[in-house]
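Here the structure is laid out as structure tokens; the discussion comes afterwards.
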Amino acid sequence: MHEVALMQNLLRVVEEAAEKQGGGKVKLVHLRIGEMAGVNTESLRFAFQVLSPGTRVEGGELEFEKIPLRIKCLSCGEDHCPPELTFRCPRCGGANMEIISGREMDIEYIMMDEEGDSPRAPAFSPTE
Amino acid sequence: MHQINIGEDLRGFNREIAAENREMLQRFNLFSLNLMSAPGAGKTSLLVKTLPRLMEKYRVAVIEGDVQTTRDAERVGALGVEVFQIQTGGVCHLDASMIHSALHQLDLGSLDMLLIENVGNLVCPAEFELGVDGRVMLLSITEGDDKPKKYPLMFRESRLLILNKIDLISAVDFDLEKAKKEAREINPAIEILELSCKTGEGLENWIDWIDRFYKSRRG
Ligand SMILES: Nc1nc2c(ncn2[C@@H]2O[C@H](COP(=O)(O)OP(=O)(O)OP(=O)(O)O)[C@@H](O)[C@H]2O)c(=O)[nH]1
Ligand SMILES: [Mg+2]
Ligand SMILES: [Zn+2]
């Protein structure tokens, strides 16, 4: 199950990003997962439950956006979503196809608490 | 709540280390292949058949990836080849950092060729590049001719497909032409060889393939 290793990466990246913001809780992690990516979202959720406690993401949510497979012909430029995973151009018959999308496994964005539960940020600003 | 954009690939870390491996292998002019397949398709059997032939011409080492045991390493080691064993401890694939530490422990300067047997798994190894010259996958015909469309990723990522256990063709309903056609639909550039580790049929073609690829990379 490589979802554990992927989740460790996710938590590391997200913790670093949250740290840069000065801390606070991460409420949501939005992921883009390609149709042809070799990852199981259920296993990712499971790994998240096991590994997130004690991090800034604890109690937060994972959100998946499914990205369809889209390929482009390098001969004529035609791009399309191939039915049945056929990597051949329907226009010119070319076989040199580039994958434009569908292999993603990206952390797109995170949602963080406004000033969060950070002890450094009081409920109202006493500046004046 | 506010949104913070990240835009990072979960495989990014592996990719960086794979690039280091590639650079390291090139520095030592070391040719390398990553053998992938479902469990039991015949990776170790193929190595056992192939290594005596390769050892006549090349200085070869093998990295054996296994979840738990050292059995494959023992089978291959019995041929007198240097074997580096990686036990992944439950992880379903080799990743670039496992290979990286192996590279640091092998005497790379004394080798021409490094063959890596990945963990038996038809999905995960395809997502984790190791930084080698080429990926080779085995599909044994007892697994069924529908596998290319069901598990497209590995077919897409491989340079060569070996249809193994061809000696069993009369015993199973495996449509060779269909499997080849569908593998090529996913990866039009893929090369395909039919082979039997049992009878030795197709072994010459496989050795020739290695020789040619070796020359194109290191010749
Ligand atoms: N009939 C026949 N049997 C084969 C052939 N190649 C391998 N086998 C048998 O298939 C079984 C599995 O072969 P292995 O070489 O261990 O397969 P593997 O891919 O290394 O397996 P894992 O490392 O467990 O993933 C063994 O019993 C082999 O004897 C072949 O070409 N024909
Ligand atoms: Mg094996
Ligand atoms: Zn075209």
Side-chain angles (χ1 to χ4, degrees), chain A residues 1-14 16-18 20-21 24-40 43-44 60 69 71 82-89 93-97 99 102-116, chain B residues 1-17 36 38 65 67 88-98 118-119 121-130 135 137 146-158 178 181-190:
Chain A
M1 190 166 108
H2 61 273
E3 282 76 8
V4 169
L6 294 172
M7 186 50 61
Q8 284 165 341
N9 276 350
L10 180 147
L11 292 172
R12 190 174 45 79
V13 169
V14 169
E16 271 172 27
K20 256 191 224 154
Q21 299 297 313
K25 276 265 183 203
V26 177
K27 292 294 187 190
L28 180 134
V29 180
H30 184 95
L31 292 153
R32 285 160 54 89
I33 305 290
E35 187 187 337
M36 217 174 130
V39 67
N40 181 301
S43 304
L44 271 182
L69 181 64
I71 59 181
E84 294 271 286
L85 295 167
T86 299
F87 284 72
R88 193 168 286 281
C89 178
N96 207 353
M97 309 294 293
I99 296 182
R103 291 285 279 110
E104 294 81 355
M105 231 191 250
D106 299 335
I107 312 173
E108 186 75 348
Y109 61 83
I110 58 178
M111 298 295 288
M112 293 193 62
D113 247 356
E114 215 70 62
E115 321 299 343
Chain B
M1 295 258 270
H2 61 296
Q3 178 175 330
I4 294 145
N5 293 332
I6 309 260
E8 259 199 63
D9 193 318
L10 289 180
R11 294 153 300 193
F13 183 62
N14 187 70
R15 195 163 291 152
E16 282 167 27
I17 299 176
M36 309 181 292
V67 174
T88 63
V91 177
C92 49
H93 62 275
L94 292 175
D95 68 27
S97 62
M98 298 174 193
N118 217 309
V119 177
N121 184 311
L122 206 46
V123 180
C124 315
E127 273 300 3
F128 291 83
E129 55 177 309
L130 304 179
R135 307 201 220 187
M137 84 166 282
D146 57 351
K147 291 300 167 291
K149 290 281 160 125
K150 277 175 109 167
Y151 300 92
L153 193 57
M154 195 171 283
F155 293 87
R156 176 76 190 173
E157 297 290 332
S158 297
K178 175 183 171 216
K181 176 173 160 281
E182 296 195 349
R184 290 197 174 104
E185 281 174 3
I186 291 158
N187 180 357
I190 200 165

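Residue numbers begin at 1 in each chain, while the letters A, B, ... track the order of the sequences.
By the side-chain hydrogen bond (donor to acceptor under 3.5 Å, both in side chains) test, A/Tyr109 pairs with A/His30, sequence neighbours left out.
Nearest heavy atom pair, residue B/Leu10 against residue A/Leu10, reads CD2-CB, 3.6 Å.
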Side chain to side chain contact (heavy atoms under 4.5 Å, CB included) assessment of B/Ile4 paired with A/Gln21
CA-CA 9 Å; B/Ile4 294 145; A/Gln21 299 297 313; 3.3 Å; yes
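Neither the backbone nor the side chain of A/Met7 comes within less than 4.5 Å of any heavy atom in chain B. Contacts of A/Leu28 with chain B are absent, with no heavy-atom separation under 4.5 Å from either backbone or side chain. When heavy atoms are compared at a cutoff of 4.5 Å, B/Phe128 approaches chain A solely by way of its side chain, counted from C-beta outward.
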With a 3.5 Å cut-off and sequence neighbours excluded, list the donor-acceptor pairs that the side chains of residues 181-189 of chain B form with protein atoms.
unit_1	atom_1	unit_2	atom_2	d
B/Lys181	NZ	B/Glu185	OE2	3.2
B/Glu185	OE1	A/Thr86	OG1	3.4
B/Glu185	OE1	B/Lys149	NZ	2.5
B/Asn187	OD1	B/Ala189	N	3.1
B/Asn187	OD1	B/Ile190	N	3.3
B/Asn187	ND2	B/Phe155	O	3.0
B/Asn187	ND2	B/Arg156	O	3.3
B/Asn187	ND2	B/Ser158	O	2.9

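To the nearest 0.5 Å, atoms CE (B/Met1) and NZ (A/Lys27) are separated by 7.5 Å. Note that CE of A/Met36 and CG of B/Leu153 are 5.0 Å apart. Values are rounded to the nearest 0.5 Å. If you take CE on A/Met105 and CZ on B/Arg11, they are separated by 4.0 Å, rounding to the nearest 0.5 Å. The NE2 atom of B/His2 sits 8.0 Å away from atom CD1 of A/Ile110, with the distance rounded to the nearest 0.5 Å. Taken from CZ in B/Phe13 to CD in A/Gln8, the straight-line distance is 10.0 Å, to the nearest 0.5 Å. Annotation: the span from A/His2 atom NE2 to B/Asn121 atom CG amounts to 8.0 Å, rounded to 0.5 Å.
B/Glu127 contributes a side-chain N or O that, together with a main-chain N or O of A/Gly38, makes up a donor-acceptor pair within less than 3.5 Å.
Interface check for chain A: of the options B/Gly12, B/Ala126, B/Gly7, B/Pro148, the most heavy-atom pairs under 4.5 Å are formed by B/Gly7.
The residues B/Glu157 and A/Arg103 are annotated as salt-bridged, a charged nitrogen and a carboxylate oxygen being separated by less than 4.0 angstrom.
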